[in-house]
Amino acid sequence: MKTVENALDKNISSHKNLIKNAPVPRLVENILSKNEGVLTATGAVRATTGTYTGRSPKDKFIVKDDICEDFIDWGPVNQAIDETSFNKLYEKVLTYLEEKDELYQFKGFAGADSAYRLPIQVINEYAWHNLFSRQLFINPTNEELASHQPEFTVVSAPNFKADPAIDGTNSETFIIISFKKRVVLIGGTEYAGEIKKSIFSVMNYLLPRRNILSMHCSANVGPEGDVALFFGLSGTGKTTLSADPYRRLIGDDEHGWSPNGVFNIEGGCYAKCINLSEKKEPQIFNAIRFGSVLENVVLDDETRLPDYDDVSLTENTRAAYPLDNIDNIISPSVAGHPNTIIFLTADASGTLPPISKLTKEQAMYHFLSGYTSKLAGTERGVTEPQATFSACFGSPFLPLVPSTYAEMLGEKIDQHNSNVFLVNTGWTGGSYGVGRRMKLSHTRAMVHSALEGELNAVETTKDSIFGLEIPIHVPGVPDEVLVPKQTWENKDAYTTAAQSLAMKFHENFEKFSQVTDSIKEAGPLYKA
């Protein structure tokens with residue numbers, strides 16, 4: 001792939017004060033001196049993002065051009081914008097950035113496996129966004145930096161606001177990928193997550209074209225070298241459950257699965273920290289120190305201690321930190337083929353089992369379904385859990401048709417005999433507002449048993465509505481918790497809610513008309 005040096009305006013590339021791959025202390029100094037953020041008692045910096053405290057999926061576009069037109073799954077997720085509109089907006093943003101007193105550049109990589117990594121650069125208006133980029137992507141060595149030639153560039157100008165009537169956007173905010181120019185253009189939002197997710201979307205286009213499965217999942221490896229994947233949308237527990245003191249972390253959010261095994265796409269973690277505590281999540285809690293970035297976390301005015309329980313700014317509070325802030329990581333972030341795959345869902349209806357063992361066909365059905373409840377704060381306008389189906393547990397970031405990723409996953413499950421489980425980290429004893437969130441200690445016990453192989457041949461009972469095989473006993477978990485209906489006081493209400501969710505599965509799956517009958521029939525047993 002060609003480099004993108006010529007894609008940036010020469011006046012930006014040779015900006016009078018372009019700060020290149022600045023070390024963490026200098027970036028922190030600039031953040032504080034320019035009042036972009038404040039220093040917390042933990043040593044991390046805290047920044048706020050104003051109006052936008054989550055992703056803006058309705059403002060995300062891909063440029064429709066002769067490079068990608070025939071490959072993109074165009075629609076409400078991958079909205080098209082024409083080349084002329086993009087080019088005009090691109091020039092406006094570059095002109096805007098040219099006038100800034102300072103700009104920040106980060107050069108690094110996406111992809112820990114050197115055979116498949118993507119050289120990238122990020123141009124930032126804010127020092128704190130540059131620090132975020134440095135902590136989330138893979139930093140080059142001095143030798144690698146000297147010869148680094150970026151193949152994709154993110155240009156981030158949060159204070160530049162689009163005019164929808166002129167620029168062809170839906171609002172003042174825009175996140176636009178041009179595969180021809182090899183550029184991501186971001187404006188009108190200070191939410192740093194757009195930077196990392198835009199590169200993930202790029203990798204989800206590039207990697208499958210090299211026969212590598214790109215995945216929205218976390219991953220870790222056990223003492224015996226056994227690898228586990230945790231799929232799930234934001235808020236389902238990928239970061240929390242993969243940060244296990246008894247297993248080494250590969251990564252918390254984005255991975256590739258190549259013929260050699262699994263590799264992390266990133267170099268850091270972007271953890272949700274709502275209700276974070278040292279007791280429940282010690283690895284994440286202790287990783288937030290100097291060089292880390294806290295996003296929209298409320299601080300005590302006097303002590304500058306973070307109040308992780310305060311949701312007054314948003315429930316989508318975040319912490320960005322490098323992988324090496326966690327003690328038990330695998331470095332480089334590359335491991336073998338997965339023994340265990342776990343699909344995580346935060347079911348707000350409270351009717352899915354907390355854990356169930358999936359057949360190959362059920363695994364493909366639930367991977368394509370990608371059911372969860374979208375949690376408050378992860379997207380603009382979401383204030384309470386909403387049922388959603390996100391193909392492959394990552395539809396917002398998938399440029400290609402979902403079957404591309406699903407077929408690759410199915411082939412790899414067969415090839416490597418991976419065991420697959422569906423784990424509900426959502427509600428129990430009732431739906432949202434009536435029941436309660438599943439205890440993290442119970443979820444950890446179930447996941448531990450799955451990873452240790454204790455559930456591969458355990459006695460199960462079949463759920464009469466969803467057709468899922470539920471273990472009748474899991475060490476460390478009360479037996480009655482395993483069967484959702486037993487946790488509800490009103491059994492009729494449970495049945496009604498479960499049947500309603502089953503029908504939503506069926507209705508959603510109608511769009512996957514090309515899959516085999518065996519996969520279609522692997523969904524819920526209940527049909528109206």
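Just so it is clear, the model here is predicted, and its values are computed rather than measured.
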Next on the checklist: If you compare all heavy atoms of M438 against all heavy atoms of P354, which two are closest, and at what distance to 0.1 Å?
Outcome noted: CE-CB, 3.6 Å
Checklist entry - Quick one: NZ on K462 to CD1 on I470, what's the gap to the nearest 0.5 Å? => result 11.0 Å
Checklist entry - Looking at D244 and R444, does any basic side-chain N land under 4.0 Å from a carboxylate oxygen? => result no
Checklist entry - Does the ring centre of Y526 sit less than 6.0 Å away from the ring centre of H506? => result no
Checklist entry - Mind checking whether F505 and F389 have parallel, tilted or perpendicular rings, split at 30° and 60°? => result perpendicular
Checklist outcome for this item: Note: S418 and K412 closest approach over all heavy atoms is OG-O, 4.5 Å
Next on the checklist: In terms of relative ring orientation, are H337 and H416 parallel, tilted or perpendicular, with 30° and 60° separating the classes?
Outcome noted: parallel
Next on the checklist: Minimum heavy-atom separation for L323 and I250, please, with both atom names.
Outcome noted: CD1-O, 3.9 Å
Item to check | Test of ring centre spacing under 6.0 Å for F61 and F174 | outcome: no
Next on the checklist: List the residues meeting side-chain contact (heavy atoms from CB on, under 4.5 Å) with F397, not counting sequence neighbours, and say none if there are none.
Outcome noted: R55, K197, F200, S201, N204, H216
Item to check | N508 and Y371 side chains, donor-acceptor separation under 3.5 Å | outcome: no
Next on the checklist: Can you confirm if the NZ or CZ of R436 lies within 45° of the ring axis of W427 and under 6.0 Å from the centre of its six-membered ring?
Outcome noted: no
Checklist entry - Looking only at heavy atoms, which two atoms of A219 and L229 are closest? And how far apart? => result CB-CD2, 3.7 Å
Next on the checklist: Are F132 and Y270 an aromatic pair, judged by ring center distance below 6.0 Å?
Outcome noted: yes
List the atom pairs, donor and acceptor, that lie under 3.5 Å between side-chain atoms in residues 474-488 and the rest of the protein, sequence neighbours left out.
unit_1 : atom_1 : unit_2 : atom_2 : d
D479   : OD1    : H473   : ND1    : 2.8
T487   : OG1    : T428   : OG1    : 3.4
T487   : OG1    : G429   : N      : 3.0
T487   : OG1    : P484   : O      : 2.6
W488   : NE1    : G350   : O      : 3.0

